[in-house]
S.K.: 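Have a look at this one.
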Protein chains: 2
Amino acid sequence: MSNAREHILQTTCDLMEKQGYYGTGLNEIVKESGAPKGSLYHYFPEGKEQITSEAVLQSGKATAERIQNGLSSNSNAAKAIHDFILNIADHVESSGFAAGSPLTAVAMETATKSERINSACREAYTLLETAFKEKLLESGFTKLKAEELGTFITATVEGGIILSRTYHSGNPLRTAAKYLKVLLSQ
Amino acid sequence: MSNAREHILQTTCDLMEKQGYYGTGLNEIVKESGAPKGSLYHYFPEGKEQITSEAVLQSGKATAERIQNGLSSNSNAAKAIHDFILNIADHVESSGFAAGSPLTAVAMETATKSERINSACREAYTLLETAFKEKLLESGFTKLKAEELGTFITATVEGGIILSRTYHSGNPLRTAAKYLKVLLSQ
DNA sequence: GTTATTATAACGACTGGTCTATATAACGTC
DNA sequence: GACGTTATATAGACCAGTCGTTATAATAAC
């Protein structure tokens, strides 16, 4: 399989997670990934929008998988989600507050600017919500509650990451974990 | 007082709310605001970082005020916050999903890139958290709970706005309102 | 006449995107 | 295996346009 293509996509994910869509230039992707610029338009003939859409989707899939794996360690959904969010807090901290929420910045910047990227973001977020939802279903929540809480958890975690990155502290995420557990335990 | 200066700041707020820091050019600010271009570096001699920092802080103050006013209509904090978030959902929808969360995109893009803008974002978010916190204090929550829930609500609302703008639907925010009320009512 | 404000043009650096040339791999045919 | 042929992939110079910024000149206000 193509190595350069994967490299370009992964680099795009990392850079856009840190600095968003408009803050990430193609030249920077090329430079950081080590891939030649000729390859960029060979693999992604439709340019930056295509690269971004694929990167967003890849991020979504990877994150959804991490959610599934993270939640599988504990059968109790409330406890599992609580611990999972604590892990995110550590991850955000250890990245120097550059990582966490690979979708947020891109989603906000492009919500009304690129139909194509927005569509990819929607798809990616649905993957995350579904990952939480399925854990809740397994734990006995009704279908409606599992779906709504999947949305609620996703929103709270996203917001917690924003605050943690802004404050340069994992504590907002830890607070989010604490009260989400309260809500899910009742 | 200077009209052009205020115009520039307000336009910067609006544009960055929609498309973030890197997605907003100074030329676009000048064009959109109608302010004379020469004035830009006259009023903001330290350039884009200065304009952005001031715009972020102005956004924070305006949003905190809107929170205070929005919550004052109902003495019950849980109900007041619920209704307030429903209003945000309407606002996001009626803006065509371009408005809501004036800080998010900028905060994420610059969390590790500009100390100055990051500092302004931190200050702005603290204003929002404090606005919620004070309503909770009035409603009888302990100081610690009011503080933590202020953070939690801010995170959930931010995340809800992201999802609503991405999905082009106010419903994620309405779901957030519903379960926040559950949490605050117990 | 001094200061505050606005106008204009230009700067170097960088943007996303295109182009041509070259190298490498893949594959059927002898 | 060896050959020529065709796709795939790498390499980077190059384009017009925009970026944030600066310098200088003109104008307005007091």
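In the text below, chain A, chain B and the rest are named by the order of the sequence lines, each starting its count at 1.
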S.K.: Once you round it to whole Å, what is the distance between P of D/dG20 and CG of B/L40?
M.R.: 10 Å

S.K.: Measure the distance from CG on B/N27 to P on D/dT18 and round it to the nearest whole Å.
M.R.: 9 Å

S.K.: Taking side chain to side chain contact (heavy atoms under 4.5 Å, CB included) as the criterion, tell me which of A/L180, A/T156, A/I161 meets it with A/I85.
M.R.: A/L180

S.K.: Between P on D/dA9 and CZ on A/F44, what's the gap in Å once rounded to a whole number?
M.R.: 11 Å

S.K.: Does a side-chain heavy-atom distance below 4.5 Å link A/F152 with A/L183?
M.R.: yes

S.K.: Quickly, which of A/E46, A/E49, A/E54 forms a salt bridge (Lys or Arg N to Asp or Glu O under 4.0 Å) with A/R116? Name it, please.
M.R.: A/E46

S.K.: What is the nucleic acid contact for A/G38, judged by heavy atoms within less than 4.0 Å: base, sugar-phosphate only, or nothing?
M.R.: base

S.K.: Can you see which heavy atom on A/L9 is nearest to which on A/A55, and at what distance?
M.R.: CD2-N, 3.6 Å

S.K.: Evaluate the side-chain proximity of B/E28 to B/L15: yes if any heavy-atom separation is below 4.5 Å, no if none is.
M.R.: yes

S.K.: If you only use heavy atoms from C-beta on, which nucleotide in D/dG20, C/dG16, D/dT10 is closest to the side chain of A/Y41?
M.R.: C/dG16

S.K.: How long is the line joining NZ of A/K31 and C1' of D/dT10, in whole Å?
M.R.: 20 Å

S.K.: Closest-nucleotide mapping onto DNA chain C: is A/E28 or A/P45 further toward the 5' terminus? I mean the 5' end.
M.R.: A/E28

S.K.: Looking at the side chain of A/K48, which of C/dA7, C/dG17, D/dT10 is the nearest nucleotide?
M.R.: C/dG17

S.K.: When you measure from the side chain of B/K37, which nucleotide among D/dT21, D/dA13, D/dT10 comes out closest?
M.R.: D/dT21

S.K.: Can you find a side chain N or O atom of B/H42 that sits less than 4.0 Å from OP1 or OP2 on C/dT6?
M.R.: no

S.K.: Kindly say if A/S39 contacts the phosphate of D/dT10, meaning a side-chain N or O under 4.0 Å from OP1 or OP2.
M.R.: yes

S.K.: In whole angstroms, how far is the P atom of D/dT21 from the CD atom of B/Q50?
M.R.: 10 Å

S.K.: Does A/Y22 or B/P36 map to a spot on DNA chain C nearer the 5' end, using the closest nucleotide for each?
M.R.: B/P36

S.K.: Nearest to the B/L26 side chain among D/dT21, C/dT5, D/dT10, which nucleotide is it?
M.R.: D/dT21

